[in-house]
Amino acid sequence: MPTPKDILGHISASRVLDVATGGGGFVHFLLEGLQDYAEIIGVDNNDRAAAGFTEAFRENPKIHFQQMDAHQLDFDDSSFDLVCISNSLHHLDPVPVLREMKRVLRPGGHLLVSEMYRDNQAETQMTHVLLHHWWAAVDTVNGILHNETCTRQQLLDLVSPLGLTELSIYDLSDLTENPRDPAILEELTPIFERYIQRAEGHPDLQTRGAELRQRVEEVGFHSATALVVMGKK
Ligand SMILES: C[S@@+](CC[C@H](N)C(=O)[O-])C[C@H]1O[C@@H](n2cnc3c(N)ncnc32)[C@H](O)[C@@H]1O
């Protein structure tokens with residue numbers, strides 16, 4: 001599987017933006033891959049993300065969090081060298097967000113999209129996809145924007161109108177872990193409990209959760225393959 005260094009090691013990025021950063025999961029990927037940087041800013045509209053992000057990077061004065069809506073980035077045009085989004089396009093209205101990401105990117109800078117997709121997955125990875133789709137359904141009945149994941153081609157079709165050049169495309173998947181490791185179910189159990197509770201009043205969604213829990217035990221779980229697309233503005 002390509003490493004963060006394989007993907008990012010050759011680009012020069014001083015000012016970096018991670019859109020819909022959450023707790024900064026993708027910032028760790030950036031730190032592994034980038035040769036150097038002056039500043040990384042993570043933005044997310046969820047104020048609860050700020051605490052986790054700030055705690056994770058509190059010892060690094062070059063990494064900051066700003067609360068912001070990805071559809072309207074409060075940054076000047078052409079003000080970043082690298083602009084990224086990871087596993088968040090299906091939580092957003094992707095076309096205006098990608099347009100905003102391109103706007104704040106300087107000419108010659110790199111835009112990177114990393115997102116799991118739903119097709120061409122092993123059975124164990126389908127457990128991850130189906131879990132995501134259940135989470136999306138539960139969020140939706142709770143009034144939260146959360147779409148099902150895209151196909152690989154849908155992701156490429158979202159990036160294509162941006163007109164990026166020198167595209168690099170990677171499929172990241174790791175099937176080496178034991179898919180029935182009891183630690184996986186242990187980690188997922190509080191998430192199942194939370195979502196089954198949030199699905200109260202929707203018995204069909206609660207049943208779907210119970211069936212998925214059983215699927216994790218019987219079929220097993222691997223993270224779904226993610227597509228990474230990177231290109232130059
Ligand atoms: C699945 S998390 C991904 C977090 C991180 N990028 C990662 O890869 O670990 C999706 C994130 O999108 C954020 N999000 C959803 N809608 C948003 C919006 N309109 N503006 C900014 N962030 C948003 C959520 O708060 C959440 O942190």
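Order of appearance sets the numbers: ligands from 1, and atoms from 1 within every ligand.
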Inset, instruction - Give the ring-plane orientation class for His128 versus Phe221, where under 30° counts as parallel, over 60° as perpendicular and anything between as tilted. - result: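 Taking Phe221 first and then His128, their aromatic rings sit tilted (interplane angle of 30° to 60°).
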
Inset, instruction - Mind telling me whether Tyr195 and Trp135 have parallel, tilted or perpendicular rings, with 30° and 60° as the class edges? - result: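 Judged by the thresholds at 30° and 60°, the geometry between Trp135 and Tyr195 is tilted.
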
Does a side chain donor of either [X] or [Y] reach within less than 3.5 Å of an acceptor in the other side chain?
X	Y	result
Thr140	His146	no
Thr127	Arg215	yes
Asp6	Thr3	yes

Which atoms of ligand 1 sit under 4.0 Å from any heavy atom of [X]?
X	result
Asn87	1 (C), 3 (C)
His71	19 (N)
Asn46	25 (O)
Met68	20 (N), 21 (C)
Thr21	4 (C), 5 (C), 6 (N)
Asp69	18 (C), 19 (N), 20 (N)

Can you pull out the closest protein heavy atom to [atom]? Residue, atom name and distance to 0.1 Å, please.
atom	value
atom 27 (O) of ligand 1	Asp44 OD2, 2.7 Å
atom 12 (O) of ligand 1	Ala20 CB, 3.4 Å
atom 16 (N) of ligand 1	Leu92 CD2, 3.3 Å
atom 14 (N) of ligand 1	Asn45 OD1, 3.7 Å
atom 9 (O) of ligand 1	Gly25 CA, 3.8 Å

Inset, instruction - Indicate yes or no: does Arg208 engage Glu211 in a salt bridge with an N to O separation below 4.0 Å. - result: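 Salt bridge absent between Arg208 and Glu211.
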
Legend entry - Asp81/Arg15 ion pair, N-O < 4.0 Å: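 Salt bridge between Asp81 and Arg15, a charged N being under 4.0 Å from a carboxylate O: no.
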
I want to know if ligand 1 touches [X] in the polar sense, i.e. an N/O pair below 3.5 angstrom.
X	answer
Phe26	no
Ala70	yes
Ser86	yes
Asp18	no

Inset, instruction - May I ask whether Ser88 places a heavy atom under 4.0 Å from ligand 1? - result: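 Distance cut 4.0 Å: Ser88 passes for ligand 1.
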
Legend entry - pair Ser78-Lys233: side-chain heavy atoms closer than 4.5 Å: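 Yes, close enough: below the 4.5 Å cut-off.
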
Legend entry - Residue pair Ile191 / Leu131, side-chain heavy-atom distance below 4.5 Å: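 No; the side chains remain at least 4.5 Å from each other.
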
Inset, instruction - List, by chain and number, the other hydrophobic cluster members for Leu82, where Ile, Leu, Val, Met, Phe, Trp and Tyr join if side-chain heavy atoms come within less than 4.5 Å, directly or indirectly. - result: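 For the cluster that includes Leu82, the remaining residues are Met1, Ile7, Leu8, Ile11, Val16, Phe26, Val27, Phe29, Leu30, Leu31, Leu34, Tyr37, Ile40, Phe53, Phe57, Ile63, Phe65, Leu112, Tyr170, Leu172, Val228, Met230.
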
